[in-house]
Every structure is written in structure tokens, then in C-alpha cells.
Enquirer: 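I have a structure I would like to understand better, so I am pasting it below and will then ask my questions one at a time.
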Amino acid sequence: MRDVPNLNRLAYFTAVVEAGSFTAAAERLGIAKTVVSHQVSRLEEELQATLLKRTTRKLQLTETGRGLYDRAVVILRDAEEAFGEASQGTTIPTGTLTVTAPVEYGQTVVARAIAAFLQRFPHLKVEVKFDDALVDLVSADFDVAIRLGWLTDSTHQMQKLGSFRQLLVCAPSLARSSPELQSPADLKKWPWIGNRVLKHPLDWTFSNAKKMVALSGRAAVMADMTPAAYACVLAGAGVTVLPDFMVQRDLTEGRLIHVLPQWSLPEGGIYAVYPAARFRPARVRHFVDLLIETDRQRIKPAADRSS
């Protein structure tokens, strides 16, 4: 069985890639150029693969080299954090937190959790990406992703943090000019704003204490993303379904109306998703704890939040 290459050789290799040359890498590492060159050559011999194409003008990664570099960056960072946290105690967070979340929940809740996190641990840094598209946690090198809805992906580790309500909302002007509603079935007469981010943007199941009603709305507008649907509903273009954390202030201040409040839509989950079998540093555990606390504050009554 082939011996596992040592971490020093991976470190020399990544330093060469990032510095752009053996000479620059040697200067960064504070060692002789011949040592760096020799160690990278040994790594190639052990792997029986060419990692770098060497010319008189520049170095270029091969396809194999690119793949190894992408993995080596993660391996070296995890190893550094593991040693750092082992030496300082597993409860002391170190390094840079990398997190991704959907845009609306990120702006409403995650950003507040990040601020609280940095107040508690001012020596740390955070790299954040708010994006509604699902990100590959391994290739993108995120510590944790916050995802909403109903998850079925079993390739990652998941932790449920809470839940959110889905609310049918419209502008007051639309409610005044539209036919009266007695039940969800009457919504077929109303214009709908569909959101293509959702798997079934016009199909919804309403329920109350007595029964369930399935409904397919009539699309007046199809939005490509949730912010577009939100802007259209504020403008009075139609009725749509949005998460409670996005519209609560608009409902309180009268910019939107909760349509058919006596009927409920299925609740969605809020999850922290981690790369499978990935070392989970203390900074992630502390951040997720703060995020749970921040989300609980979101659903408290206003009187409780002010006390």
C-alpha cells in the first residue's frame, strides 16, 4: 500500500501554487529553493503523477495538480485548526468562520448572528456568502451552510435549528380591489406571483382545524428570485407566499396583509448543514449556538424583545 504523503510536502506544493514560483514560495516559507523543488518532486514521485508543468516563464497546474491543490487547501487548514484547538482547548474558537445562507434569511437573521459572534469573539474573522443557490460545501470550502425548507440530502450532516411559517400575503390595495375571500378556493380569482426558486411555485396546500384544501394559483407574474416576488407583492401585482421572517415588519407596519390568516401553510425547517465527516471547529459550534439564539429572538413577541 502506498504511503500517505506527509503534510509538509502538501504545504510546499500549495505554497508554490499560491506564490506562482519555487523562488517566491521558498522566500515565503523561509527555506532554500532547492528544498521546495525537491519536496514537490518527491510528492509527484509518490503520487506517480505530474502536478506542475514547468517552463522557463511560469508554472502551470495540470488537471491532477488542480484537483490535489483544491483538496490540499482544505486538508492543511483543517490540520492547522485541529492542532491549534487541541493546544488551546476545544472550547476556544480560532481561525476564520466561513458560512453561506439564503439571501433573505441571511440578511434578516444570519447577519445579526454574525455581528453577535464578532462581538463575543473579536479576534476572529468571518467570510459570508448570501446566495439562494445551493452551494457545494466541500468544493466551496464552507464551514457551514444555512438552508431552509424540507431537506432530503443525506450526503451532509444536518442539524435542525428551528422553523419558519409560510404566509400568504398581498398589498392592501390588492385586497380592496379583489373578490372577497371565504376559503382558499376563492384565491383562484386572484392574481398570483410565482417564485421560481420554489419547486412548485403555484401549488399550495392550506389547512385549518377541520380540513385541507389544495390550490393551484393563476400566475400573473413569475419571479426568478424571492426578492423579485417580494418587490412585486409590495407593489400590488398579486398575492404570494413568503416566509415570516421576511414579511413580519411589513405586516406590522401595514405595507402587507396576511391573507386568510385562519388557514395555515406547511412550516419549513431551518437547518445547519455541515460537510460530511468534516472536523467541526469550535468557532462553528459557537456560531450555530448564537444563530439559534438570534432566531429565537426573531419569533418572540415585540414586548418580550424590548424587555
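Any value given below was found using the heavy atoms of this structure, including those in side chains, with hydrogens, waters and symmetry copies removed.
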Enquirer: Should the heavy atoms of other residues, nucleotides or ligands under 6.0 Å from CZ of Arg218 be counted, would the total exceed 12?
Expert: yes
Enquirer: What pairs with Tyr105 under ring pair (Phe, Tyr, Trp, His ring centres under 6.0 Å), at least two apart in sequence or on another chain?
Expert: Phe245
Enquirer: Could you tell me whether a side-chain N or O of Trp190 sits under 3.5 Å from a main-chain N or O of Pro179, the two making a donor and an acceptor?
Expert: yes
Enquirer: Would you confirm whether Thr100, through its side chain, and Lys129, through its main-chain N or O, come within 3.5 Å as a donor-acceptor pair?
Expert: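 Flag set: sc Thr100 to bb Lys129 pair under 3.5 Å.
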Enquirer: For residues Leu251 and Ile257: do they belong to one hydrophobic cluster (side chain heavy atoms under 4.5 Å, members Ile, Leu, Val, Met, Phe, Trp, Tyr)?
Expert: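 In one cluster with Leu251: Ile257, no.
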Enquirer: For Val239 versus Leu174, what's the shortest heavy-atom pair and its separation?
Expert: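 For Val239 versus Leu174, the nearest heavy atoms are N-CD2, 3.7 Å.
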Enquirer: Give, for atom CZ of Arg112 and atom OG1 of Thr294, the distance between the pair rounded to the nearest 0.5 Å.
Expert: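 It comes to 6.0 Å.
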Enquirer: Could you state whether Val128 and Leu161 fall into the same hydrophobic cluster, counting links through intermediate Ile, Leu, Val, Met, Phe, Trp or Tyr residues with side-chain heavy atoms under 4.5 angstrom apart?
Expert: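 Same hydrophobic cluster.
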Enquirer: Please answer whether the main-chain N or O of Lys53 pairs with a side-chain N or O of Gln60 as donor and acceptor at a distance below 3.5 Å.
Expert: no
Enquirer: Kindly say whether Val99 contributes a backbone atom to a donor-acceptor pair with the side chain of Asp143 at under 3.5 angstrom?
Expert: no
Enquirer: Apply side-chain contact (heavy atoms from CB on, under 4.5 Å) to Val73 and Glu18, showing your working.
Expert: CA-CA 10 Å; Val73 169; Glu18 292 168 357; 4.2 Å; yes
Enquirer: Do any N or O atoms from the side chain of His200 and from the backbone of Ser216 form a donor-acceptor pair under 3.5 angstrom?
Expert: no
Enquirer: Return yes if some donor-acceptor pair links the side-chain N/O of Ser177 with the main-chain N/O of Ser173 below 3.5 Å, else return no.
Expert: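 Side chain of Ser177 to backbone of Ser173, a donor-acceptor pair under 3.5 Å: yes, one is there.
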Enquirer: Could you give the distance from CG (Leu76) to CG (Asn8), rounded to the nearest 0.5 Å?
Expert: 9.5 Å
Enquirer: Would you compute the distance between atom OG1 of Thr98 and atom CD of Glu127 and round it to the nearest 0.5 angstrom?
Expert: 6.5 Å
Enquirer: With side-chain contact (heavy atoms from CB on, under 4.5 Å) as the criterion, how do Val16 and Tyr69 come out once you've worked through the C-alpha distance, each side chain's angles and the decisive distance to 0.1 Å?
Expert: CA-CA 10 Å; Val16 170; Tyr69 172 76; over 6 Å; no
Enquirer: In Å and rounded to the nearest 0.5 Å, what is the CG to OG distance from Leu51 to Ser41?
Expert: 9.5 Å
Enquirer: Carefully, step by step, assess Lys189 and Leu181 under the rule side-chain contact (heavy atoms from CB on, under 4.5 Å).
Expert: CA-CA 9 Å; Lys189 303 172 185 177; Leu181 296 176; over 6 Å; no
Enquirer: Can you tell me which residue among Asn195, Val221, Val241, Val169 is in a side chain to side chain contact (heavy atoms under 4.5 Å, CB included) with Val233?
Expert: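 Between Val233 and the candidates, side chain to side chain contact (heavy atoms under 4.5 Å, CB included) is satisfied uniquely by Val169.
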Enquirer: Are Val109 and Ile270 packed together at the side-chain level, in the sense that at least one heavy-atom pair is separated by less than 4.5 angstrom?
Expert: no
Enquirer: Identify the heavy atoms of Trp263 and Pro184 that sit nearest to each other, and give their distance.
Expert: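 Scanning both residues, the minimum pair turns out to be CE2-CD, 3.4 Å.
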Enquirer: Main chain of Ser183, side chain of Asp186: is a donor-acceptor contact present, judged purely on distance under 3.5 Å?
Expert: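 Pair found, side chain donor or acceptor close to backbone of Ser183.
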Enquirer: Would a hydrophobic clustering, with Ile, Leu, Val, Met, Phe, Trp and Tyr connected at side-chain separations under 4.5 Å, put Phe130 with Val197?
Expert: no
Enquirer: Counting C-beta onward and ignoring hydrogens, is there a side-chain heavy-atom pair between Leu68 and Leu47 closer than 4.5 Å?
Expert: yes
Enquirer: Are more than 12 heavy atoms, taken from residues, nucleotides or ligands other than Lys160, located less than 6.0 Å from that residue's NZ atom?
Expert: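 Atom NZ in Lys160 is packed in, count exceeds 12.
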Enquirer: If hydrophobic clusters are built by linking Ile, Leu, Val, Met, Phe, Trp and Tyr wherever their side-chain heavy atoms come under 4.5 Å apart, do Trp204 and Leu148 end up in the same one?
Expert: no
Enquirer: Considering only heavy atoms from C-beta outward, does the side chain of Leu167 approach that of Met246 to under 4.5 Å?
Expert: no
Enquirer: Using a cut-off of 6.0 Å, state whether more than 12 heavy atoms not belonging to Glu180 lie near its atom CD.
Expert: no
Enquirer: Which heavy atom of Thr205 sits nearest a heavy atom of Leu265, and at what distance?
Expert: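 Minimum heavy-atom separation between Thr205 and Leu265: O-CD2, 3.5 Å.
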Enquirer: Distance check, rounded to the nearest 0.5 Å: Arg71 atom CZ versus Arg66 atom CZ?
Expert: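 Nearest 0.5 Å value for the CZ-CZ distance: 14.5 Å.
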Enquirer: Exactly one of Gln39, Glu44, His38 should register a side chain to side chain donor-acceptor pair (under 3.5 Å) with Arg9. Which one does?
Expert: Gln39
Enquirer: Checking Phe117 now: which residues fulfil ring pair (Phe, Tyr, Trp, His ring centres under 6.0 Å) with it, not counting sequence neighbours?
Expert: Phe121, Phe287
Enquirer: Can you tell me which residue among Gln166, Arg165, Arg298, His258 is in a side chain to side chain donor-acceptor pair (under 3.5 Å) with Asp244?
Expert: Arg298
Enquirer: Assess whether salt bridge (Lys or Arg N to Asp or Glu O under 4.0 Å) is satisfied between Asp289 and Arg285, documenting all intermediate values.
Expert: CA-CA 6 Å; Asp289 288 344; Arg285 300 194 300 271; over 6 Å; no
Enquirer: Just do the side-chain contact (heavy atoms from CB on, under 4.5 Å) check on Leu187 and Leu168 with the steps written out, would you?
Expert: CA-CA 11 Å; Leu187 285 165; Leu168 183 71; 3.4 Å; yes
Enquirer: Just how far is it from atom CG of Leu242 to atom CZ of Phe164, taken to the nearest 0.5 Å?
Expert: 10.5 Å
Enquirer: Step through the shown structure and confirm whether more than 12 heavy atoms of other residues, nucleotides or ligands are within 6.0 Å of CZ on Arg255.
Expert: yes
Enquirer: Determine the minimum heavy-atom distance between Ala237 and Ala220, stating which atoms define it.
Expert: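 Taking every non-hydrogen atom into account, O-CB, 4.4 Å.
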Enquirer: Looking only at non-hydrogen atoms, find the nearest pair between Ala272 and Val288 and report the distance.
Expert: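 Where Ala272 meets Val288 most closely, the heavy atoms are CB-CG2, 4.4 Å.
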Enquirer: Looking only at atom types and distance, does a side-chain atom of Trp192 sit under 3.5 Å from a main-chain N or O of Met222, one as donor and one as acceptor?
Expert: no
Enquirer: Considering all heavy atoms of both residues, which atom of Met158 and which atom of Val273 are nearest to each other, and what is their separation?
Expert: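 Looking at all heavy atoms of both residues, the shortest contact is CG-CG2, 4.1 Å.
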Enquirer: For Glu63, I'd like to know if atom CD has over 12 heavy atoms of other residues, nucleotides or ligands within 6.0 Å.
Expert: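 No, because the 6.0 Å sphere around CD of Glu63 holds 12 heavy atoms or fewer from other groups.
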Enquirer: Honestly curious: do Val103 and Leu291 fall in one hydrophobic cluster under the side-chain, below-4.5 Å linking rule?
Expert: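 Yes, Val103 and Leu291 fall within the same hydrophobic cluster.
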Enquirer: Would a distance-only check, ignoring hydrogens and angles, find a side-chain to backbone donor-acceptor pair under 3.5 Å from Asp250 to Leu256?
Expert: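 It does not hold such a pair.
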